[in-house]
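One structure below.
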Amino acid sequence: MAPASKPRVRFAPSPTGYLHVGGARTALFNWLFARHEGGTMILRIEDTDVERNKPELVDGILAGLRWLGLPWDEGPYFQSQRLEMYRAAAESLLAKGAAFPCYCKAVQYAGADAIVEGEEGAEKAARIPSCPCRDLTPAERAEKDRQGLTRAIRFASPRSGVTRFEDAVFGPREVQNSEIEDFVLLRSSGLPTYQLSVVVDDIDMRITHIIRGADHLSNTPKQALLYEALDAPPPIFAHVPLILGPDRTRLSKRHGATSVSSYADEGFLPEAFRNFLALLGWSTGSDEEFLRTMDLIDRFSLSGVSRTNGIFDRDKLEWFNSQYLQKLPIDELLPYVKAELQRAGLWREEWDGAEREWFAHTVDILRPRTRLLPDFATWSRAFFSDDFDYDPEARKKFWKDPKLPDLLGKLADALDALSDWNHDACDHALRALAEAEGVKAGLLINATRVAIVGRAVAPPLFETMLVLGKLRVIARLRRALPFVSPE
RNA sequence: GGCGCCAUGGUGCAAUGGUUAGCACAUCGCCCUUUCAAGGCGGUAAUACGGGUUCGACUCCCGUUGGCGCUACCA
């Protein structure tokens with residue numbers, strides 16, 4: 001047994017788009033694995049494609065990882081700053097004869113689909129193209145160089161035999177080398193392709209486990225070949241299944257919100273998001289679902305990763321969020337609510353000081369009804385501000401009875417006369433009035449709720465009244481009277 | 001087209017070759033109830049299809065179908 005060194009993993013996004021849910025889950029799996037194993041997670045930005053690369057997106061990706069709560073241990077490294085290393089590797093491969101210069105124009109060699117579209121007979125022969133430049137003699141190469149032709153460097157794939165590698169999720173794999181084309185390592189621009197840079201970096205950074213999307217599975221044999229050609233031991237690969245949209249196609253912009261930041265904006269809790277993401281393509285093997293981050297770290301194992309592509313289920317995500325909104329220790333939740341109220345311009349500093357207990361209690365009675373953070377500032381607004389309006393639907397539903405203006409006025413008086421402001425006192429006062437007036441308590445309760453919080457949705461009335469306080473309740477009741485008259 | 005991967009309710013996951021195929025989301029109903037939630041209880045709903053192997057197959061093998069991926073001087 002080799003001395004067990006701690007695993008080193010990396011998350012390697014390319015800045016061609018924002019951090020989407022698929023990338024987020026890959027990052028999460030890497031992070032969970034590293035934390036579980038006591039290893040290291042490296043962040044590397046794969047920005048070798050100058051055409052598509054958008055440097056300004058890097059900040060967004062970093063912000064997404066921070067919001068998700070996935071701090072990396074090393075990096076970020078940028079491939080664009082390590083170009084010399086890739087060129088040197090390509091040169092050494094060239095020197096060894098494991099690679100060769102290619103003088104073809106890029107368009108001449110643009111993918112199998114283009115090549116196959118010929119006559120029927122030609123199809124089979126054209127399958128795995130092998131670049132003719134591979135067989136050029138030294139003299140011919142010298143001649144091409146003299147002509148000043150631009151050259152790319154291609155890997156000279158073995159023409160027979162098989163290539164094997166180990167995948168922690170998909171098991172041992174092997175492919176026929178005849179299926180592997182002479183892929184480009186260094187473009188004619190001198191910039192490396194993904195295949196080269198990823199292997200060179202993973203070797204240089206001593207990566208032990210490559211956890212990435214299954215879309216890379218088919219290309220892994222090429223990389224296994226490169227490890228061999230570079231005299232480096234291959235790492236353990238772990239390809240995780242893809243996340244698809246509800247229409248079973250790859251997640252993309254047309255599926256609506258796919259960027260992590262949009263979920264942050266919508267008011268999801270990062271930990272709920274993590275819990276949801278972790279269970280998409282991985283399970284503990286049991287039925288447990290509510291797993292806090294410590295639990296996830298504790299149980300995470302590559303052996304629990306599924307091989308089946310999964311569909312992003314927004315409903316389940318929301319369910320997880322509502323679970324966290326309800327089950328989190330109140331002190332953990334408060335900062336999020338505070339931030340939400342600040343965002344809505346409703347925050348008051350005393351809720352962090354003298355009235356902290358009031359704030360905690362109010363949030364506590366509100367939270368069973370919340371699903372997203374903004375709920376605290378929208379339908380719960382009246383709990384944090386005197387400036388609120390009456391929901392038209394609620395008015396329509398609970399302010400129908402023509403006796404209501406009169407009744408609510410009397411209720412305000414009765415409440416005003418109370419010497420003690422507590423749940424039972426309010427309860428008794430309201431019910432006594434209902435009985436004296438010959439109406440159901442429910443009529444008064446529902447109408448009062450709309451009057452004091454403006455909505456049909458709120459915690460139980462007397463708890464609401466306690467939290468609002470006597471003065472507010474009475475004032476709001478009287479303020480509502482002119483509006484209660486049914487048309 | 002070629003090569004490869006995958007296949008359990010609508011969705012996400014369970015089930016040493018032997019269970020009435022389990023859990024959760026969604027959905028429907030009931031309970032609770034002062035609105036809305038939450039919570040509790042229950043219902044509808046799945047092993048893609050066809051062949052094998054086996055006393056016995058969701059599980060192993062083959063084929064078909066379907067989905068996905070790769071097949072770029074993208075990553």
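Within every chain, numbering begins at 1; the chains are lettered A, B, ... in the order of the sequence lines, protein sequences first and strands thereafter.
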Within this structure, what is the [atom1]-to-[atom2] distance between [X] and [N], rounded to whole angstrom?
X        : N     : atom1 : atom2 : value
A:Leu372 : B:A38 : CG    : C1'   : 16 Å
A:Asp215 : B:C6  : CG    : C1'   : 14 Å
A:Ile311 : B:C13 : CD1   : C1'   : 13 Å
A:Trp319 : B:A37 : CH2   : C1'   : 15 Å
A:Leu186 : B:C73 : CG    : P     : 13 Å
A:Leu461 : B:U33 : CG    : C1'   : 14 Å

Look at all strands and tell whether [X] reaches a base, only sugar-phosphate, or nothing, counting heavy atoms closer than 4.0 Å.
X        : result
A:Phe170 : sugar-phosphate
A:Arg431 : base
A:Phe320 : nothing
A:Lys397 : sugar-phosphate
A:His239 : nothing
A:Pro13  : nothing
A:Thr370 : nothing

Now, which nucleotide makes the Watson-Crick or G-U wobble pair with [N], with each of the two distances under 3.5 Å?
N     : result
B:C3  : B:G69
B:G18 : B:C55
B:U27 : B:G43

So does [X] get a side-chain nitrogen or oxygen closer than 4.0 Å to the phosphate oxygens (OP1/OP2) of [N]?
X        : N     : result
A:Ser283 : B:A14 : yes
A:Arg307 : B:A7  : no
A:Gln323 : B:A37 : no
A:Arg173 : B:C5  : yes
A:Lys327 : B:A38 : no
A:Ser306 : B:C6  : no
A:Arg250 : B:C70 : yes

Separation of the [atom1] atoms in [N] and [M], to the nearest angstrom:
N     : M     : atom1 : answer
B:U27 : B:U65 : C1'   : 30 Å
B:A14 : B:C6  : P     : 15 Å
B:G52 : B:G29 : P     : 46 Å
B:A15 : B:A48 : P     : 16 Å

Side chains of A:Ser283 and A:Arg299, donor plus acceptor under 3.5 Å: no
Donor-acceptor pair between A:Tyr194 and A:Asp49 side chains, under 3.5 angstrom: no
Ion pair check, A:Glu266 and A:Arg314, cut-off under 4.0 Å: yes
Side chain to side chain donor-acceptor pair (under 3.5 Å) involving A:Asp201 - partner list, sequence neighbours excluded: A:Gln79, A:Arg82, A:Tyr86
Whether over 12 other heavy atoms sit under 6.0 Å from A:Glu435 CD: no
A:Lys396 atom NZ: more than 12 heavy-atom contacts under 6.0 Å: no
ring-ring contact (aromatic ring centres under 6.0 Å, His included) partners of A:Phe383, counting only residues at least two apart: none
